[in-house]
Amino acid sequence: MTPVTRFAPSPTGFLHIGGARTALFNRLYARHFAGRFRLRIEDTDRERSTPEAIEAILEGLTWLGLDWDDEVVYQSECAARHREVADALLDKGLAYRCYATPEELAEMRALARAEGRPPGYDGRWRDRDPAEAPADRAPAIRFKAPREGEQVIEDLVQGQVTVANRQLDDMVILRSDGSPTYMLSVVVDDHDMGITHVIRGDDHLTNAFRQRQLYQAMDWSVPSFAHLPLIHGPDGAKMSKRHGAVGIEAYRDQGYLPAALRNYLLRLGWGHGDDEIISDGEAESWFDVADVGKNAARFDFAKLDNLNAHYLRQMDDQSLVELVVERLEAISGTGTTAEQKRRLFAGMAGLKPRAKRLDDLALSAQIYLAERPLTYSADAHKLLNPEAKARLAGLRPLLEAGGWEREELESLVRHYAENLLEPSVKLGKVAQPLRAAITGSKVSPPIFEVMEIFGREECLSRLDDCLSDEE
RNA sequence: GUCCCCAUCGUCUAGAGGCCUAGGACGCCAGCCUUUCACGUUGGUAACACGGGUUCGAAUCCCGUUGGGGACGCCA
């Protein structure tokens, strides 16, 4: 039997990092066994679900390269079917009407807690005569859960987990307004969608026991479960906003690459020997949810940065230019000239090994976009002292006459510094001020490479700007 | 409070009784490379939570302790 997995987020916020990993694992598992990976939007909470959130999830998954099979299922559209199942349960005597008020429920919980029992509904309408029903109140439908025995789940990640049925109360499956609850909806939808493997966050483990009761009540085959340990923030607590963990789009905005994120997420809780850089193909052939570890992993931005830098270096220059231009234009609101793009493309090979993310790559790429007259950074300004300027002035005529390949430039300047200057100085004494004059910065890719890209005319003009600067 | 789960370097992990003097990666430190900053490269730092068992032998199995985490809604 080929597996069918699914990712089933509720659109009450954005696609967060944990959800992204859940989706990745579901997809990888399906791919590994030549099955299907499906997407279901759990939008039954009309109050909190928004079209924007749905859009963010779809976009996030697509951006991450986690496309799904078949049509997206919207849970809200299945409400009639869910009610049908609730009715079937009612007919079978496996569900009943409950008229308890919210106040009563709160009391029950408080009492149970005080008495050291598991908090929950006490079953007061479970076997009560329907004739006692209050006429002024609409009932909720509760599942008549087994009281004796236990639920055993053979979880692909957690192993065998057992919970006594007495720990589980009679859950509501249909609200008093007739809408189905999550617990009912997931089971019905997973069954209807032919889901064979439910791979989701650890926080759903206890739900699995109640869901299993439901499957059995309906006489449906129970899917395999795999509950993934949650991703924690650097402090060890559940990932939350205070960790700066927002939607996946925040990672995109910071300049993380989908491939890097996929690789990083994959290695969180799962490993394949000493392998660190893992291609999508390798991931598909190696991954098995059964190999996922049971312990929660902490999110480490330093390692993500390292992986991202790797994928950045591997990316082709043209794509990188496009990404950088897109970012820069979004920030400045102005266009990019053909000449600027030409410089960017020529300089990309020297730029990318110096960057970790797209945002710092874009920042360093600015040196190729800046036009005269340059504004010097404080450091650059300091480098351009009178002594340095005098050396540059002496160099200028040689530059005007010499060749302009980066190697020629280097040997020319080196010769000037080491042999022509009196007393002779090291290359750096001339190259550094030169860098400051040409780029306006103290840091850049190799200066002779930069000069070659700018061309002789532009460089001489920049040099003149600098030398004529009286101050 | 009740139930469930977890425990190897700071972090992610390898490890399924002898291959472990515990391996890799990130980070950190130092050297090399070098016109700056990176990249690269070489080396270093650093862990089996604790206590009992079982065994000829335990990071690996069992029990307990401690420490973390998760779930307990007419939310999903």
Side-chain angles (χ1 to χ4, degrees), chain A residues 8-12 42-45 47-49 75 98 100-102 105-106 109 112-121 138-142 155 157-159 161-164 166-169 171-177 179-183 185-186 201-207 209 227 229-230 232 234 236-238 264 267-277 293-307 309 313 350-356 364 379 383 410 413-414 417 426-436 439 441-448:
Chain A
S10 57
T12 53
E42 310 224 312
D43 55 349
T44 48
D45 187 343
E47 307 273 296
R48 299 195 298 155
S49 299
Q75 194 158 61
C98 168
T101 63
L105 258 16
R109 271 191 285 275
R113 205 178 178 114
E115 292 177 354
R117 287 182 290 112
Y121 178 68
I141 307 299
R142 282 184 187 270
D155 193 280
V157 172
Q158 306 291 336
V161 190
T162 306
V163 160
R166 60 184 311 107
Q167 292 292 333
L168 279 11
D169 67 352
M171 61 188 149
V172 170
I173 54 176
L174 226 52
R175 297 186 190 92
S176 48
D177 67 359
S179 66
T181 62
Y182 162 78
M183 216 57 89
S185 304
V186 219
D202 218 351
D203 48 343
H204 284 287
L205 182 59
T206 49
N207 290 334
F209 297 104
H227 289 91
L230 266 19
H232 288 170
K238 196 174 173 179
Y264 178 72
R267 285 284 290 103
L268 225 48
W270 178 88
H272 183 267
D274 286 343
D275 295 302
E276 297 289 346
I277 303 293
K294 291 189 189 182
N295 42 347
R298 297 186 189 202
F299 199 89
D300 181 10
F301 282 95
K303 188 144 186 172
L304 207 211
D305 278 353
N306 175 272
L307 272 173
R313 270 175 260 137
L351 248 21
K352 64 183 181 184
R354 268 156 260 264
K356 286 196 186 309
S364 61
D379 283 336
L383 275 172
E410 174 169 355
V413 176
R414 189 183 293 278
K426 292 205 161 197
L427 175 59
K429 289 286 182 196
V430 180
Q432 276 299 87
L434 191 55
R435 182 194 314 281
T439 69
S441 166
K442 190 184 157 192
V443 178
S444 83
I447 186 59
F448 304 115

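Residue numbering restarts at 1 for every chain, and letters A, B, ... go by the order of the sequence lines.
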Asks: Can you tell me, in whole Å, how much space there is between the C1' of B:G53 and that of B:G17?
Replies: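 These two C1' atoms come out 16 Å apart once rounded.
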Asks: Taking only N/O atoms, report every protein-nucleotides 4-6 of chain B pair under 3.5 Å with atom names and distance.
Replies:
| residue | atom | partner | partner atom | Å |
| --- | --- | --- | --- | --- |
| B:C5 | O2' | A:Gln158 | OE1 | 3.2 |
| B:C6 | OP1 | A:Lys294 | NZ | 2.5 |

Asks: Could you work out the separation of B:A76 and B:A71 based on their P atoms and round it to a whole Å?
Replies: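 B:A76 and B:A71 have their P atoms separated by 16 Å.
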Asks: Would you tell me if any nitrogen or oxygen in the side chain of A:Arg142 comes within less than 4.0 Å of OP1 or OP2 on B:C74?
Replies: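 Affirmative; the distance criterion is met.
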Asks: How far, in whole Å, is B:C62 from B:G69 if one measures between their C1' atoms?
Replies: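 Taking atom C1' in both B:G69 and B:C62, they lie 24 Å apart.
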Asks: Taking only the P atom of each, what is the distance from B:G44 to B:G24 in whole angstrom?
Replies: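 Nearest-Å result for B:G44 against B:G24 at atom P: 10 Å.
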Asks: Can you name the atoms? Protein N/O to nucleotides 20-23 of chain B N/O, anything below 3.5 Å, with the distance.
Replies:
| residue | atom | partner | partner atom | Å |
| --- | --- | --- | --- | --- |
| B:G23 | N2 | A:Asp274 | OD1 | 3.3 |

Asks: Paired with B:U36: which nucleotide, if any, by Watson-Crick or G-U wobble criteria at under 3.5 Å for both distances?
Replies: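 B:U36 is paired with nothing.
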Asks: Figure out the CD/P separation between A:Glu115 and B:C3, and round it to whole Å.
Replies: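 Rounded to the whole Å, the gap is 15 Å.
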Asks: Could you work out the separation of B:G67 and B:A49 based on their P atoms and round it to a whole Å?
Replies: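 Rounded to whole Å, the distance is 16 Å.
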Asks: CZ of A:Arg109 versus C1' of B:C3: gap in Å, rounded?
Replies: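 Nearest whole value for this atom pair: 16 Å.
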Asks: Applying the Watson-Crick and G-U wobble criteria at under 3.5 Å, what pairs with B:A30? Answer none if nothing qualifies.
Replies: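 Across any shown strand, B:A30 pairs with B:U42.
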Asks: Once you round to the nearest 0.5 Å, how far does CG of A:Leu304 lie from NZ of A:Lys356?
Replies: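 Here the rounded value is 11.5 Å.
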Asks: Counting Watson-Crick and G-U wobble pairs only, both distances under 3.5 Å, name the nucleotide matched with B:U2, or none.
Replies: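 For B:U2, the partner nucleotide comes out as B:A71, under the 3.5 Å rule.
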Asks: Using only heavy-atom distances, determine whether the side chains of A:His227 and A:Asp202 contain a donor-acceptor pair under 3.5 Å.
Replies: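 Looking only at side-chain atoms, A:Asp202 and A:His227 do not form any donor-acceptor pair under 3.5 Å.
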Asks: Who does B:U21 pair with, Watson-Crick or G-U, both distances under 3.5 Å?
Replies: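 When the pairing criteria are applied, nothing turns out to pair with B:U21, so the answer is none.
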Asks: Among B:A71, B:G40, B:G69, which nucleotide sits nearest the side chain of A:Asp203?
Replies: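 Nearest listed nucleotide: B:A71.
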Asks: In Watson-Crick or G-U wobble terms, both distances under 3.5 Å, what is the partner of B:C9?
Replies: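 Across any shown strand, B:C9 pairs with none.
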Asks: Spell out protein contact along nucleotides 26-37 of chain B as letters: B when the base is contacted, S when just the sugar-phosphate is, - when no protein heavy atom is under 4.0 Å; keep the 5' to 3' order.
Replies: SS-------BBB
Asks: Whom does B:C48 pair with, Watson-Crick or G-U wobble, provided both distances fall under 3.5 Å?
Replies: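 Answer to the pairing question: none, since B:C48 forms no Watson-Crick or G-U pair.
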Asks: Is there a donor on the side chain of A:Asn207 or the base of B:A71 sitting less than 3.5 Å from an acceptor on the other?
Replies: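 No such pair is found, so the answer is no.
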Asks: Taking the P atom of each, how far is B:G43 from B:C4, in whole Å?
Replies: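 Nearest-Å result for B:G43 against B:C4 at atom P: 49 Å.
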Asks: What nucleic acid atoms does A:Ser364 come within less than 4.0 Å of, heavy atoms only: base, sugar-phosphate, or nothing?
Replies: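 No contact.
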Asks: Under 4.0 Å, heavy atoms only, any strand: does A:Ala100 hit a base, just the sugar-phosphate, or nothing?
Replies: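 If one applies the 4.0 Å heavy-atom cut-off, A:Ala100 turns out to touch a base.
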Asks: Here's a test of your reading of the structure: between A:Leu268 and A:Ala164, which maps to the more 5' nucleotide of RNA chain B?
Replies: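 Mapping each residue to its closest nucleotide by heavy atoms, the 5'-most match is A:Ala164.
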Asks: Taking atom C1' in both B:U60 and B:G15, compute the distance separating them and give it to the nearest angstrom.
Replies: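 Nearest-Å result for B:U60 against B:G15 at atom C1': 8 Å.
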Asks: Assign each of A:Ser176 and A:Gly269 to its nearest nucleotide of RNA chain B by heavy atoms, then name whichever residue's nucleotide is nearer the 5' end.
Replies: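 Whichever sits nearer the 5' end wins; that is A:Gly269.
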Asks: Which listed nucleotide (B:A71, B:C39, B:G24) is nearest to the side chain of A:Pro353?
Replies: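 In terms of side-chain proximity for A:Pro353, the closest of B:A71, B:C39, B:G24 is B:C39.
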Asks: Looking only at atom P, what distance separates B:C48 and B:A59, rounded to whole Å?
Replies: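 Each nucleotide's P atom is 11 Å from the other's.
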